[in-house]
Each structure stands twice: as structure tokens, then as C-alpha cells.
Amino acid sequence: MTNDAKKFQQAMLSIYEEGKAATGYNATRFLAMVREQGGVETAKSLLAGNPSAVSEGFANLALHSRLDLSVEALVPKDEWRHLFTASELSVAKRRLASKGK
């Protein structure tokens, strides 16, 4: 795992912890995926498939107006975007846009 991938994994664990504290939602599947697959692969998996289909965690964060703690908000940040394809970045942006972010 590259240094950037390790830092991204830490960022993914941070959004999990912050999201749990902010909403009370315990995203156990998300946490398991990050621990088993790594942060980058988890993000890629969540961004694969139907661009309009969102995870339970994304929907929960949207209900609490905390999409800033979503994978979709993390991926396009300048320090991480190079880890993802243009298609993955586009999916993240479309999902956020669909919720007005």
C-alpha cells in the first residue's frame, strides 16, 4: 500500500468515526470493508455500478445534512483525487449534486 493509500485509509476511518459521532449511525459494513479491503478499494467499490444508487451510509448522512462526511465528498479532494479514475470522480460529484451539494 502506498503512503497516499495509507493516508486515505486513515481519512476513511476518520469519516466513519465523525459520522458515527454526528449521526449515531454505526456503519459496521463500511468499517469492515475499509479494514478488509483498504480505503481506496472500499471507495472504488462504493463508487462502482449505478451512479444514482447510494449506500445506506450516504443516505443516512444526507438525512443528517452531513454529506461532508461521505466517501463521495472525500474522494474529489485535491489530496486524494489522483487515486481515482475520472469516472469514479464523476460518480462522486453526481451523487453529491443529486442532494444539492
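Owing to the predicted nature of the structure, the values given are computational and were not obtained by experimental measurement.
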#### Entry: Closest non-hydrogen atom pair between V75 and A43, with its separation
CG2-CB, 4.1 Å

Side-chain atoms of residues 28-37: list all donor-acceptor pairs with protein atoms under 3.5 Å, sequence neighbours left out, distances to 0.1 Å.
residue	atom	partner	partner atom	Å
R29	NH2	E56	OE1	2.9

## Note on the structure
Closest heavy-atom pair, G39 versus F8, reported as atoms and distance to 0.1 Å, is O-CE2, 3.4 Å

### Task
For residues 1-12, pull every pair meeting side-chain hydrogen bond (donor to acceptor under 3.5 Å, both in side chains), keeping only residues two or more places apart or in separate chains.
D4-H82

### Euclidean distance, L47 CG relative to K93 NZ, rounded to 0.5 Å
12.0 Å

### Message
Holding to side-chain contact (heavy atoms from CB on, under 4.5 Å), I want the full list of residues that pass it with S55, two or more places apart in sequence or in another chain.
### Response
L46, F58

### Task
Identify the heavy atoms of G19 and L61 that sit nearest to each other, and give their distance.
CA-CD2, 4.3 Å

## Note on the structure
Taken in chain and number order and not counting sequence neighbours, the residues that satisfy side-chain contact (heavy atoms from CB on, under 4.5 Å) with E18 are S14, L69

### Path from Y25 to Y16 over hydrophobic side-chain contacts below 4.5 Å
no

### Summary
Between the CG atom in L74 and the CG atom in L67, the distance rounded to the nearest 0.5 Å is 13.0 Å

### side-chain hydrogen bond (donor to acceptor under 3.5 Å, both in side chains) contacts touching residues 67-79 (sequence neighbours left out)
R66-D68, E72-R95

### Task
Identify, with sequence neighbours excluded, every residue that meets side-chain hydrogen bond (donor to acceptor under 3.5 Å, both in side chains) alongside T85.
E88

### Task
Please name the pair of heavy atoms, one in V40 and one in F84, separated by the smallest distance, quoted to 0.1 Å.
O-CE2, 4.0 Å

